[in-house]
Amino acid sequence: MKKKILIEGMTCASCAMNVERSLKKVPGIKEVGVSVLTKKAIVESDKEISEDELKKAVSRAGYKAVSIN
Amino acid sequence: MEENNIEEDLEVRTWKKKLIWSWLITIPIIFLMYSEIIFGIHFLTSSVISLVILVLAFPVIFVLGFSTLKSGLKGFKTFYFNMDSLISLGTVVAYLTGIIQFFYPLQNYSGISAMVMAIFVTGKYIESKARGRAGQEIKKLLLLGAKDARVLRKGKEILIPISEVKVGEIIIVKPGEKVPTDGVVFKGESSVDESMVTGESLPIDKFKGANVIGATINQDGVLYVKSTKVGKDTFLAHIIDLVEEAQGTKVPIQKLADKITSIFVPSVLILSILTFIGWIIFGNLNSAIGSAIAVLVISCPCALGLATPIALTVGTGMGAKKGVLIRKGEAIQTMKDVKTIIFDKTGTITKGKPEVVDFYINVREKYFWNIAGSLEKNSEHPLSKAIVKKAGLKRFSEVKNFKILRGQGVYGKIDSKEILIGNTKLMEKEKINFNKFKEKVNEFEERGETVVFVSENKKVIGVIGIADKVKENSKEVVQKIINLDLQVVMITGDHDKTARAIASQVGITQVVSNVLPEEKAKKVEDFQKNGYVVFVGDGVNDAPALKQANVGIALGSGTDIAIEAGDIVLTKSSLTGVAQAINLSKKTFGKIKQNLFWAFAYNIVAIPLAVAGVLHPVIAEVAMALSSITVVTNANLLRRKKI
């Protein structure tokens with residue numbers, strides 16, 4: 001399962017790493033790719049992960065998930 | 001998607017505004033700070049100067065720098081530190097020295113704090129601009145789509161926004177106009193320039209039943225197109241998604257840089273504290289503050305963290321423009337170690353569409369093709385289609401008692417004559433003598449053609465040689481790849497004779513023939529014993545082989561392509577894309593290596609210098625800004641390379 005998250009507030013490469021680290025902690029997520037250039041995170045998971053959980057993970061790192069699809 | 005685009009320009013504009021304001025205020029600060037040096041006199045007493053600087057620097061740090069401070073200080077709450085955390089701490093501490101020095105003898109760094117912030121903002125502006133340039137290809141793809149469409153509703157032609165077009169609607173595309181969305185030609189004939197989507201430079205002829213791609217440009221005729229896909233499902237939308245996704249994927253070489261980036265900021269914070277303590281013990285408080293600030297502002301995780309993704313962005317963008325879609329960053333690293341490249345035959349080296357290339361008959365040509373074409377019209381077999389196309393009949397003779405003889409041919413009656421068209425097996429079964437044609441049959445087979453007999457009332461009246469022709473530039477591309485010192489192999493389900501005939505036409509000496517589709521992956525595995533393997537196929541029946549290979553390159557023309565099948569996807573059918581993909585991968589990987597080298601070298605040299613107190617905080621900030629600009633600019637230079 002693949003989801004794309006548009007993220008607000010990432011200003012540099014370490015921000016992308018922060019989001020990546022936080023998303024990786026969500027159980028069930030297999031792979032995470034975050035790009036500060038496209039401002040998007042792409043997560044791959046085995047099971048359905050709720051938008052809420054993803055949003056929380058992003059905000060835990062100090063950023064905002066604007067949209068998920 | 002377009003929102004994203006506007007937002008990026010907004011980012012550049014915001015930094016630009018901040019840049020102008022920060023320098024407008026900082027330049028007077030610099031004059032005040034160095035008035036004695038510049039003009040040889042003090043205009044004001046030093047405490048008044050300090051006060052004025054504090055007042056001027058305030059908006060630079062706390063207003064213009066607000067978003068940076070907000071983002072950076074959040075890190076101290078969440079423990080997810082970022083680059084802004086370093087700048088925030090550095091500038092705020094520096095600013096505070098300006099207040100403290102009224103009560104305690106201390107070097108005043110408040111003017112410096114404004115300079116550091118102004119330089120930081122400048123660096124961000126330049127970087128965001130260069131970053132925008134790095135992503136320009138994808139932006140162009142986003143802008144490529146048509147804005148509106150001329151549709152036929154209730155018999156009337158109306159112009160509607162593209163978002164309102166539904167599947168199954170009839171769209172009218174006039175000469176020079178963009179095809180608004182993916183569809184099938186329903187009426188009309190024209191040629192269409194598909195270069196923007198597939199990289200194929202020559203216009204493609206379109207007639208009834210042909211697929212058209214949204215965003216391509218209609219050339220000379222009016223096309224009536226029935227839309228098949230709209231919005232997010234179109235080919236262009238898929239390409240954009242794919243390129244965007246690829247830009248977020250990892251290249252293995254960046255692992256170390258990523259690891260360092262993720263612990264970089266906290267490490268620098270600790271290092272800065274240690275520097276401060278060290279200087280207090282072995283030096284004095286003023287140098288301790290200066291060095292600690294320098295360490296904070298010189299350290300730049302961006303150069304390290306951006307080194308790979310920015311080069312990947314430029315590389316994938318360049319590829320997209322040429323119809324070479326790199327789906328996984330890993331592929332570009334793997335590519336440099338590839339030893340063998342295996343080409344599938346049908347549809348890859350050859351066109352995948354059999355054509356009549358030879359024939360030998362002993363009746364009148366017109367009569368012969370009328371019989372062959374009329375009978376074969378009833379069959380869907382690729383060989384039948386080739387014969388129908390060659391016959392090119394406008395009117396077909398009536399066929400009675402038509403029968404398909406599986407694996408052998410077809411039968412039918414035309415004007416009470418019994419017609420059989422098929423292979424040797426059929427002739428033998430029906431005991432039809434073809435001795436007179438034997439020589440021709442051998443000749444055709446030597447050339448790698450499939451032979452089809454046509455018989456009338458059990459007498460052969462002609463033989464047809466059908467071949468799947470090699471694509472125009474297959475030979476040239478194979479030669480290019482052989483020159484790269486790669487072992488080139490062709491794999492096919494064909495008989496050895498046919499396979500070798502095709503292989504020799506393109507200059508391939510190593511052939512694996514008689515391979516069932518499901519065995520292809522196994523064959524790839526065998527070759528992998530000698531090193532990495534690239535497999536090139538159309539992704540239709542060789543998907544497992546594409547997956548098994550270290551790099552799978554899937555190719556097709558236009559929308560007839562299995563996008564998910566390969567690590568690299570070529571949207572044009574010619575093999576040129578294979579050479580371009582290899583070339584682009586190597587060039588991009590080279591850029592990544594260069595970038596990583598610079599980023600590592602920069603931090604390894606700069607941070608110790610800052611710790612040692614050799615670098616003034618302003619110089620440190622300039623160096624920091626330059627380091628990330630260098631990496632982004634260097635990645636943009638990739639564009640100068642020819643692929």
More than 12 heavy atoms of other residues, nucleotides or ligands under 6.0 Å from [atom1] of [X]: yes or no?
| X | atom1 | answer |
| --- | --- | --- |
| B:Lys129 | NZ | no |
| B:Phe76 | CZ | yes |
| B:Glu330 | CD | no |
| A:Lys4 | NZ | yes |

* To do: Kindly say whether B:Thr261 contributes a backbone atom to a donor-acceptor pair with the side chain of A:Ser14 at under 3.5 angstrom?
  => no
* Asked: Is a side-chain donor or acceptor of A:Asn18 paired with a backbone partner of B:Phe81 at a separation under 3.5 angstrom?
  -> yes
* Asked: Are B:Asn82 and A:Met17 close enough, and set up right, to give a side chain to side chain contact (heavy atoms under 4.5 Å, CB included), and what steps lead you there?
  -> CA-CA 9 Å; B:Asn82 59 31; A:Met17 290 307 300; over 6 Å; no
* Asked: Top residue by heavy-atom pair count (under 4.5 Å) with chain A, among B:Ser262, B:Pro301, B:Cys300, B:Gly248?
  -> B:Ser262
* Structure fact -> Looking only at B:Asp258, B:Thr249, B:Leu304, the option with the highest number of non-hydrogen pairs under 4.5 Å against chain A is B:Asp258
* Structure fact -> Sequence neighbours excluded, the answer for side-chain hydrogen bond (donor to acceptor under 3.5 Å, both in side chains) partners of B:Thr630 is none
Quick one: which residues of [range] reach chain B at under 4.5 angstrom, heavy atoms only?
| range | value |
| --- | --- |
| residues 21-31 of chain A | A:Arg21, A:Ser22, A:Lys25 |
| residues 62-69 of chain A | A:Gly62, A:Tyr63 |
| residues 49-60 of chain A | A:Arg60 |

* To do: Return the minimal non-hydrogen interatomic distance between B:Arg131 and A:Leu37, and the atom names on each side.
  => CG-CD2, 3.5 Å
* Measuring from B:Asp84:CG to A:Met10:CE, what's the distance to the nearest 0.5 Å? -> 12.5 Å
* Can we say B:Glu245 and A:Lys40 salt-bridge, meaning some charged N sits less than 4.0 Å from an Asp/Glu carboxylate O? -> no
* Give a yes or no on whether a salt bridge exists between A:Lys39 and B:Glu244, defined as a side-chain N under 4.0 angstrom from a carboxylate O. => no
* Asked: Are any of the side-chain heavy atoms of A:Cys12 and B:Cys302 separated by less than 4.5 Å?
  -> yes
* To do: Examine whether an atom of B:Lys77 lies under 4.5 Å from a heavy atom of chain A, and if so say whether it belongs to the side chain, the backbone or both; otherwise answer neither.
  => neither
